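Notes follow the structure.
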Amino acid sequence: MDRYNPAEIEAKWQQVWKQERTFEAPNPDDPAAADRSRKSYVLEMLPYPSGTLHMGHVKNYTMGDVIARFRMRNGFTVFHPMGYDAFGLPAENAAIKTGLHPAELTKINTGNIEQQLHRLGVSIDWSRELATCDPEYYKWTQYFFLKFFERGLAYRKEADVNWCPSCATVLANEQVVQGACERCGTLVATRSLAQWFFRITEYAEQLLEDFSELESWPERVITMQRNWIGRSEGAEVVFRVAELDIDIPVFTTRPDTLFGATFFLLAPEHELVERLVDGTEFENPVRDYVTSARLKPLVDRALAEREKTGEFTGRYAVNPVNGEQIPIYVSDYVLMEYGTGAIMAVPAHDQRDFEFARKFGLDVRVVVSGGGAGPGDGPVLEAALEEDGELVNSGRFDGMPNREAGRVITEWLGTEHLGRAAVSYRLRDWLVSRQRYWGAPIPIIYCDKCGTVPVPESDLPVLLPEVEDYAPRGQSPIATNEEFVKTACPACGGPARRETDTMDTFVDSSWYFLRYTDPHNGRAPFEPDIVDYWMPVDQYIGGVEHAILHLMYARFFTKVLYDLGLVGFREPFTNLFTQGMIYYKGAKMSKSKGNVVNPDEHVEKYGADTLRLYILFMGPPELDVEWQDQGIEGSFRFLGRVWRLVGEIIEKTKPVGSGDFAVTGGAAAILLRKTHQTIRKVTTDISERYRFNTAISAVMELVNDAYLAKDGLLESEEGRGVLRFMAETLVKLLDPFSPHICAELWEKLGHERLWLEPWPAADERFLAHETYELVIQVNGKVRDRVQVPAEAGRDELLTIARASERAARHTEGKQVVKEIVVPGRLVNLVVK
RNA sequence: GCCCGAGUGGUGGAACUGGUAGACACAAGGGACUUAAAAUCCCUCGCCUGCGGGUGUGUGGGUUCGAAUCCCACCUCGGGCACCA
């Protein structure tokens with residue numbers, strides 16, 4: 001047989017798959033009535049076409065391909081589409097640099113990526129390819145914006161927002177990582193701007209509840225989302241400013257500590273601050289404080305170590321549980337965005353309040369005893385007491401366990417109309433407007449007479465206009481295009497101006513998986529019957545860096561579309577797999593560090609089959625792994641071994657039938673058993689554990705065994721039959737990982753289309769062993785190993801163990817006090 | 001500080017529900033083939049050793065006949081959150 005030539009055979013089979021449209025999965029004629037039990041939607045996160053694919057993508061798409069091909073061979077109708085997250089800053093920044101239009105640049109990049117995916121042999125249904133920057137696509141992104149707007153889920157408000165000075169645009173909370181821009185790492189600043197938001201907070205509860213609908217998501221992704229949403233149960237309690245007849249509600253998670261509230265705090269942004277101090281001697285210092293607090297970047301305010309600051313307002317609030325008058329301060333550690341923007345301060349049991357009290361000389365009153373501290377210890381405490389205990393200094397609630405007291409006090413406040421049980425979330429609304437060019441324009445028009453008017457659906461898409469200069473200047477570059485901005489009000493026909501901000505690209509990627517199901521629909525984003533047929537995604541695969549951002553936004557979007565009656569499911573991704581990253585030379589691959597390994601070079605040198613195999617063989621897919629330059633050689637050598645082994649078997653043996661043959665024993669039986677063991681191992685490793693590395697090593701073991709047994713087996717008719725069966729099985733098992741070489745070998749074995757073959761099944765009859773190696777231990781240490789009949793019983797095993805000379809050396813002169821027999825494994829003799 | 005995840009040979013990693021630690025591969029060493037090299041095929045490969053054995057899965061304890069695996073305490077690395085009342 002010829003030498004293994006990956007370039008030739010890979011091109012050949014890629015051509016066949018393209019011509020025969022092997023991986024296209026057409027929509028059923030009647031999707032509403034079609035059987036959904038055999039469909040499988042396998043999806044990898046769509047790439048961002050900033051350049052070409054890197055190794056992380058290769059890993060992602062190869063993993064998805066293994067699952068897709070495996071399910072296809074197991075009788076599923078596999079839905080495996082691909083697209084491009086094509087709007088966004090990198091294309092725009094590159095456009096500014098090169099002068100090319102972002103659309104042209106994106107087209108070049110998506111073309112490259114498509115080529116790369118073809119050359120990797122990924123089983124994609126190319127008839128459904130899409131790009132989010134295509135007007136046919138973003139028309140519907142805008143359509144959803146209007147639907148959100150109609151429902152009050154998209155709104156505009158003036159707020160202090162995160163501003164990235166480098167990207168010259170605002171960012172959502174989720175896009176700020178440790179005070180810096182998630183994309184470029186620049187420290188974010190604060191700006192007060194009128195911006196568009198999606199009311200994701202309305203769905204906080206559902207986002208938490210519906211975790212129960214997910215089948216298999218990594219626990220840590222769920223935990224990260226749960227923490228991000230940050231649900232807290234507690235109470236809303238009303239404090240009264242008697243002099244001014246104002247009620248101020250606060251949120252607290254510790255209603256049990258109400259009797260320990262010795263002062264009261266307002267966020268600097270709180271609207272009542274002005275009313276409290278207006279016309280008093282406290283007016284000026286408080287105003288100064290508020291002004292300076294608002295000038296501070298949000299990042300600085302978030303630093304927990306910062307010393308507490310504040311200003312007395314001169315007013316007092318009445319604690320509803322005991323009628324006490326407590327002083328009201330303004331302090332910037334109280335956040336306007338959380339709870340009610342006002343808190344009761346309990347310094348004895350909250351560290352932040354404690355620090356404030358010590359600095360301003362305010363009372364500290366213990367109301368929960370415990371940890372050795374009693375009712376009178378307030379003045380001498382060195383830190384807040386946060387443990388549970390019994391109530392003290394709390395009137396008729398004294399002596400009650402504090403957790404129970406919290407419930408009782410909340411209930412009592414309810415009957416007195418002074419408060420109620422309440423829930424608060426850390427989650428903030430999703431800021432979706434961006435002051436940049438390369439995104440979907442927000443379909444809104446401002447009219448002096450009619451106000452904020454949505455663009456009528458029939459006028460969609462609002463096309464992204466041409467501009468002369470994309471450079472960010474703090475407002476969208478589109479604003480410079482007067483022709484675009486000036487328009488007629490859809491309501492009154494009068495002169496009006498268009499919104500010039502574009503949408504966050506995470507909006508685009510929040511629904512792309514739905515569009516795949518019906519990508520050419522011009523009348524609607526998708527047909528409900530069709531989307532309900534294919535969705536939800538059965539297996540989603542991507543990087544863990546999207547644990548909060550994309551995955552939470554997509555879940556939110558799906559829930560809104562469900563409420564709009566557009567889809568019949570509430571969760572988009574039933575199963576999620578998050579892959580680990582690929583490191584190189586001890587660091588994450590990045591252009592700036594110059595440690596990028598280019599996949600194309602390796603495809604050229606070794607072929608896609610080798611690269612795919614190696615990238616999965618490197619380690620467990622969910623863990624981070626380090627790229628080894630020499631490692632890939634091993635995978636290439638292995639495929640060469642497979643090629644020569646199967647080649648020799650083709651030359652020296654004849655095709656066999658079903659593999660259902662009798663063997664008399666010896667080497668033939670052993671290899672036959674190994675073949676069936678390998679089927680079992682590879683099948684469970686792919687389908688149940690997603691451990692591709694161990695599946696591949698099992699196939700390697702089979703090849704090693706076959707090499708050693710080959711020459712002997714070629715001597716007999718029986719041996720040749722087993723070898724031929726082994727070769728065919730080997731090719732079938734390796735196919736999901738390295739499909740080109742397998743397709744070629746399958747053809748050389750005298751067959752036609754490997755991907756139409758059913759996945760092999762392990763036959764129990766051939767798995768049975770006649771004997772096995774029994775381990776004989778003395779005091780838990782291995783002293784001997786002997787072959788024993790598989791059916792040997794406990795007594796028989798004990799007799800064999802006692803007869804072992806090697807074991808006897810360690811039992812001699814000692815008393816056997818216990819004998820442990822584990823049939824199929826070992827005997828342990830315990831001596832004293 | 002709080003919440004996750006991970007520590008196993010020179011290297012990447014394997015070990016199902018507690019039962020032979022180091023599968024598979026890389027690197028290294030040896031042999032066969034070859035005029036030679038490459039390629040290929042075969043063998044060795046945790047550490048110590050007097051070849052009986054001893055020791056070994058981040059550290060220290062514990063449970064057990066038996067622990068990489070379970071429990072407690074600690075160390076190191078990676079990730080997430082961090083004034084959210």
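Since the model is a prediction, treat every value here as computed from it, not as a measurement. Within every chain, numbering begins at 1; the chains are lettered A, B, ... in the order of the sequence lines, protein sequences first and strands thereafter.
Counting non-hydrogen atoms under 4.0 angstrom, Ser232(A) reaches the backbone sugars and phosphates but no base. Residue contacts shown for Arg426(A) include a base, since a base heavy atom lies under 4.0 Å away. Here Glu773(A) lies in heavy-atom contact (under 4.0 Å) with a base. Counting non-hydrogen atoms under 4.0 angstrom, Gln777(A) reaches a base of the nucleic acid. Within the nucleic acid shown, Val830(A) comes within 4.0 Å of sugar-phosphate atoms alone, with no base atom in reach, counting heavy atoms only. If you check every strand for non-hydrogen atoms under 4.0 Å, Arg783(A) touches sugar and phosphate atoms only. Within the nucleic acid shown, Asp353(A) has no heavy atom closer than 4.0 Å to any nucleic acid atom. Among the heavy atoms of the strands, none lies under 4.0 Å from Leu829(A). Across all strands shown, Asn828(A) has heavy atoms under 4.0 Å from base atoms, whether or not it also approaches the sugar-phosphate. Residue-level contact check: Gly634(A) touches the backbone only, with heavy atoms under 4.0 Å from sugar-phosphate atoms and none from bases.
Secondary-structure stems of RNA chain B, taken as three or more successive Watson-Crick or G-U wobble pairs (i with j, i+1 with j-1) under a 3.5 Å distance threshold, comprise B:1-7 with B:75-81, B:10-12 with B:24-26, B:28-32 with B:40-44, B:46-48 with B:53-55, B:58-62 with B:70-74.
For Asn693(A), no side-chain nitrogen or oxygen approaches OP1 or OP2 of A25(B) to under 4.0 Å. At the phosphate of G66(B), neither OP1 nor OP2 sits under 4.0 Å from any side-chain N or O atom of Lys818(A). For A39(B), the OP1/OP2 oxygens have no side-chain nitrogen or oxygen of Arg3(A) closer than 4.0 Å. Residue Asn704(A) has a polar side-chain atom (N or O) positioned under 4.0 Å from OP1 or OP2 of A25(B). Contact between the side-chain N/O atoms of Tyr707(A) and the OP1/OP2 oxygens of C42(B) is not found at any separation under 4.0 Å. Contact between the side-chain N/O atoms of Arg637(A) and the OP1/OP2 oxygens of C26(B) is found at a separation under 4.0 Å. Applying the 4.0 Å criterion to OP1 and OP2 of G52(B), one finds that Arg806(A) has every side-chain N and O outside that range. Note on Arg689(A): a side-chain N or O is less than 4.0 Å away from OP1 or OP2 of A15(B).
For a distance-only test at 3.5 Å, the side chain of Arg691(A) fails to qualify as a donor-acceptor partner of the base of C24(B).
Rounded to the nearest Å, the gap between the P atom of U49(B) and that of G61(B) is 26 Å.
A donor and an acceptor atom, one from each side chain of Arg641(A) and Asn704(A), are located under 3.5 Å apart. For Thr694(A) and Asp685(A), the side-chain atoms include at least one donor-acceptor pair closer than 3.5 Å. Side-chain atoms of Glu633(A) and Tyr606(A) include a donor-acceptor pair closer than 3.5 Å. At a cut-off of 3.5 Å, with distance as the only test, a side-chain donor of Tyr553(A) or Glu174(A) sits close to an acceptor on the other residue. With hydrogens and angles left out, the side-chain atoms of Ser804(A) and Asp784(A) include a donor and acceptor closer than 3.5 Å.
Of the candidates A21(B), G80(B), C24(B), the closest approach to any side-chain atom of Val782(A) belongs to A21(B). Distances were taken from every side-chain heavy atom of Arg641(A) (C-beta onward) to each of C81(B), G13(B), C42(B); the shortest belongs to C42(B). When distances run from any side-chain atom of Gln628(A) to the nucleotides U11(B), A25(B), A85(B), the shortest one goes to U11(B). Of the listed nucleotides (A14(B), C24(B), G53(B)), A14(B) has the atom at the smallest distance from the side chain of Pro620(A). Distance from the side chain of Glu701(A) is smallest for C24(B) among the nucleotides C24(B), U55(B), C3(B). With A85(B), G13(B), G19(B) as the candidates, the nucleotide lying closest to the side chain of Leu335(A) is A85(B). When each of C65(B), A85(B), G79(B) is scored by its nearest atom to the side-chain atoms of Val334(A), the top-ranked nucleotide is A85(B). Set against G19(B), U55(B), A85(B), the side chain of Thr252(A) has A85(B) as its closest nucleotide.
Distance CG/Leu431(A) to CD/Gln175(A): 8.5 Å, rounded to 0.5 Å.
Ring geometry, Tyr329(A) versus Phe356(A): the interplanar angle exceeds 60°, so the pair is classed perpendicular (tilted spans 30 to 60°).
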